[in-house]
Number of protein chains: 2
Amino acid sequence: MLAAVSELLVEGGYDSVTVDAVAERSSVHRATVYRRWADVGGLLADVLAAAAGDDWHPPDTGSLRGDLRAVNLEVQAALTGESPITTALIAASFRSPAAAEALRSFWDGRFERCAVLVRRAVERGELREPVDHRELLVAATAPVYFEALLLRRPGDPDRWAERAARDYVG
Amino acid sequence: MLAAVSELLVEGGYDSVTVDAVAERSSVHRATVYRRWADVGGLLADVLAAAAGDDWHPPDTGSLRGDLRAVNLEVQAALTGESPITTALIAASFRSPAAAEALRSFWDGRFERCAVLVRRAVERGELREPVDHRELLVAATAPVYFEALLLRRPGDPDRWAERAARDYVG
């Protein structure tokens, strides 16, 4: 069913995700869809949780700049790739508080997992503590979101990763 | 009529902005609304152009950090204030290409006008050329958009302004 929700969302946006459409697309009975999700917001939240993946770990390239670059390329791909599910969920978050809350949890989880990325950089001597890993990650990724999502232009994820790595060093 | 569009947008989002609703709210005949705007996207674009204001100039506080701080507080207010028209337009931009294009033009215009902010900082000796004024502005403001718009949490516009001012100096 979650695959059906993702497809509908990417194809037609929030308006196209209805319990009826999900039931039809996934060949599951409407009552079953209703039993599992009270509303569309819940459906979206579960899609995001599935997309986030419990097994995601930050990249480990051997340098802070390389790690941030890999994170930024993932963000860019999620926003502009062939199946921009993240963009569709962000668009939906303006209309569904459940989707907005799911996105917030998604980012909080990602930021927490990236603490190890910063710790490794400290161990390598690239960063000096204290470093706010969340702030560093927002500094590196926020411009990528801004360019891809709001300016809707090809951005420069690599440049922003390089800047953040440089600015937070020493 | 533009005031009516803004009100409807902030109150009920994109779905509530219809030619009929605009005509009723502004006490203007439907045919007149239609004559001026072919579609809702055109309406939104004009609202944004009016909100942008031809007379906007970047703040001039006497320091780069102060100027960026003032810009960030403006951004924060536009996204979280009592009448968050910018947030409503950004939400609409995911559903109306005309609104998306209007937003892009809006930001391009703001970035261009901020060139003088950077030039003044260079003249004061705070920055060394060459400085990409657009990149500096994105670095300072993108985290504010990210926190207010996507994380939907109280952000720290002042801190991001301070970081950008510090990182781009020398």
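Keep in mind it's a predicted model, so treat the numbers as computed, not measured. First the proteins, then the strands, lettered A, B, ... as listed; each starts at 1.
F111(B) is not connected to L73(B) by any chain of hydrophobic side-chain contacts under 4.5 Å among Ile, Leu, Val, Met, Phe, Trp and Tyr, and they are in different clusters. In this structure, V47(A) is a member of the same hydrophobic cluster as Y34(A), with clusters built from ILVMFWY side-chain heavy atoms closer than 4.5 Å. L151(B) and W160(A) fall within a single hydrophobic cluster, where Ile, Leu, Val, Met, Phe, Trp and Tyr side chains are chained together by heavy-atom contacts under 4.5 Å.
Residue contact with chain B, scored on non-hydrogen atoms closer than 4.5 Å, is absent for D156(A). Residue F146(A) touches chain B through its side chain alone, counting heavy-atom pairs closer than 4.5 Å. For E135(A), the parts lying under 4.5 angstrom from a heavy atom of chain B are both the backbone and the side chain.
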- I90(A) vs L150(B), side chain to side chain contact (heavy atoms under 4.5 Å, CB included): CA-CA, chis, key distance, verdict: CA-CA 7 Å; I90(A) 290 169; L150(B) 301 181; 3.6 Å; yes
- Item | side chain to side chain contact (heavy atoms under 4.5 Å, CB included) between L149(B) and Y145(A), worked out | CA-CA 11 Å; L149(B) 208 61; Y145(A) 283 99; over 6 Å; no
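Atom CZ of R163(B) has more than 12 neighbouring heavy atoms from other residues, nucleotides or ligands inside a 6.0 Å radius. Dense packing is recorded around CZ of R95(A), with more than 12 heavy atoms of other residues, nucleotides or ligands lying under 6.0 Å away.
Contacts from residues 15-33 of chain A to chain B, taken as heavy-atom pairs separated by less than 4.5 Å, involve D15(A) in sequence order.
Separating the CG atom in D167(B) from the OH atom in Y168(A) is a distance of 7.0 Å, to the nearest 0.5 Å.
Looking at every heavy atom in both residues, R153(B) comes nearest to R134(A) through NH1-NH2, 3.0 Å. Contact record, D132(A) with R159(B): OD2-NH2, 3.9 Å, taken as the closest heavy-atom pair.
Taking chain A as the reference chain and counting heavy-atom pairs below 4.5 Å, the highest number among S93(B), A164(B), G13(B) is found for S93(B).
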